[in-house]
2 protein chains.
Amino acid sequence: MAKKLDYEYCKAAPMLEWLGNKWALVVLMKISENGPVRFNELYRTIPSVSEKVLSQVLRQLTTDGIIRRELFPDVPPRTEYSVTEFGKTLLPHVEALLNWGRENFEQIIKNRQKHY
Amino acid sequence: MAKKLDYEYCKAAPMLEWLGNKWALVVLMKISENGPVRFNELYRTIPSVSEKVLSQVLRQLTTDGIIRRELFPDVPPRTEYSVTEFGKTLLPHVEALLNWGRENFEQIIKNRQKHY
DNA sequence: CTGTATCCTAAAAGATACTG
DNA sequence: CAGTATCTTTTAGGATACAG
């Protein structure tokens with residue numbers, strides 16, 4: 001990803017950055033669905049993601065203020081991730097998009113087959 | 001992109017495929033905004049995309065039935081891309097997401113700075 | 001438990017030249 | 001004009017080990 005998105009859309013670029021991340025939306029939805037959730041909990045519920053990528057996604061979403069990271073001074077350490085109020089304003093749009101994708105799954109597959 | 005998205009979200013995966021493409025959404029919106037549009041027209045209105053990537057995105061969106069490609073038997077050749085009826089059912093959700101991104105641009109930047 | 005660091009591979013993006 | 005082919009660079013993603 002070297003080149004920049006052009007001016008007209010650049011204001012949406014910060015969002016598009018993690019939208020382009022393969023796992024970001026899935027991670028976000030999992031946190032939203034399951035409420036406050038711990039690192040390993042996420043790691044287990046998304047079996048095919050690696051620790052590294054999961055941690056990257058979590059950091060990015062946290063930095064952008066979409067999710068919140070709470071660290072409890074327990075032993076062993078415990079952290080919980082949850083969606084912030086800011087993140088909640090985004091959720092409906094993400095859900096709408098994912099729902100469209102699910103609802104039109106068959107149609108898309110059919111369209112692809114037409115082009116062999 | 002080696003690993004698969006997990007079952008719960010795999011139905012949305014075909015859509016996520018091109019959602020993950022850096023340029024797909026921009027190309028889609030440009031076509032939607034400008035009506036039927038030709039290849040070089042797009043190439044010029046999205047200055048920072050390469051011909052190759054543009055052509056890839058166009059083919060992918062065409063294959064999935066989101067946009068339509070019409071070839072006119074003119075000399076020199078002329079093609080026009082436009083959004084299909086199917087694609088139009090997707091547009092509102094993409095627009096909503098892009099709008100959110102634009103509206104919250106400042107907030108995201110501010111959030112990032114807090115984390116230095 | 002919750003991550004980070006390192007190293008490696010696969011995939012996407014980009015530049016450029018060329019064809020129908 | 002509307003792309004495709006080729007080649008190189010860049011970036012994302014993954015495996016694994018290990019640190020606080």
By salt bridge (Lys or Arg N to Asp or Glu O under 4.0 Å), A:Glu106 pairs with (sequence neighbours left out) B:Lys11
Whole-Å distance separating the CD atom of A:Glu41 from the P atom of C:dT2: 9 Å
Please state whether the phosphate of D:dT11, meaning OP1 or OP2, lies under 4.0 angstrom from any side-chain nitrogen or oxygen of A:Asn21. no
Compare side-chain N and O positions of A:Trp18 against OP1 and OP2 of D:dA12 and report whether any pair is under 4.0 Å apart. no
What residues from residues 51-74 of chain A pass a heavy-atom cutoff of under 4.0 Å to DNA chain C? A:Glu51, A:Lys52, A:Ser55, A:Arg59, A:Arg69
OP1, OP2 of D:dG3 versus side-chain N and O of B:Asn40: anything below 4.0 Å? no
Relative orientation of the end axes in the helix from C:dC1-D:dG20 to C:dG20-D:dC1, expressed as an angle to the nearest 10° (five pairs per end): 50°
Without decimals, in angstroms, what is the distance between A:Leu16 CG and C:dA13 P? 13 Å
Counting only side-chain N and O atoms of A:Thr79, is one of them less than 4.0 Å from OP1 or OP2 of C:dG3? yes
Below 4.0 Å: OP1/OP2 of D:dC1 and any side-chain N or O of B:Tyr81: no
What integer distance in Å separates A:Arg44:CZ from C:dC1:P? 7 Å
Give me the other members of the hydrophobic cluster that B:Phe105 sits in, counting Ile, Leu, Val, Met, Phe, Trp and Tyr linked by side-chain heavy atoms under 4.5 Å, directly or via other members. B:Ile109
Side chain to side chain donor-acceptor pair (under 3.5 Å) against B:Glu80, all qualifying residues, sequence neighbours excluded: B:Arg78
Contact under 4.0 Å: B:Arg38 side-chain N or O vs D:dA2 OP1/OP2: yes
Choosing from D:dG14, C:dC1, C:dG3, which nucleotide comes nearest the side chain of A:Ser50? D:dG14
For A:Glu85, all residues meeting side chain to side chain donor-acceptor pair (under 3.5 Å), sequence neighbours excluded: A:Lys88
Measure the distance from CH2 on B:Trp23 to P on D:dT11 and round it to the nearest whole Å. 14 Å
Side-chain cluster (under 4.5 Å, hydrophobic types only) that A:Phe72 belongs to, other residues: none
Just wondering, do B:Leu58 and B:Leu42 contact through their side chains at under 4.5 Å, heavy atoms? yes
Could you state the atom-to-atom distance from OH of A:Tyr43 to P of D:dT16 in whole Å? 10 Å
Return the value, rounded to whole Å, for the distance between atom CG of A:Leu42 and atom C1' of C:dG3. 13 Å
Sequence neighbours excluded, which residues qualify as side chain to side chain donor-acceptor pair (under 3.5 Å) partners of A:Thr84? none
Does the plane of the ring in B:Trp100 sit parallel, tilted or perpendicular to the ring in A:Trp18? Use 30° and 60° as the thresholds. perpendicular
Contacts of B:Gln107 meeting side chain to side chain donor-acceptor pair (under 3.5 Å) (sequence neighbours excluded), chain-then-number -> B:Asn111
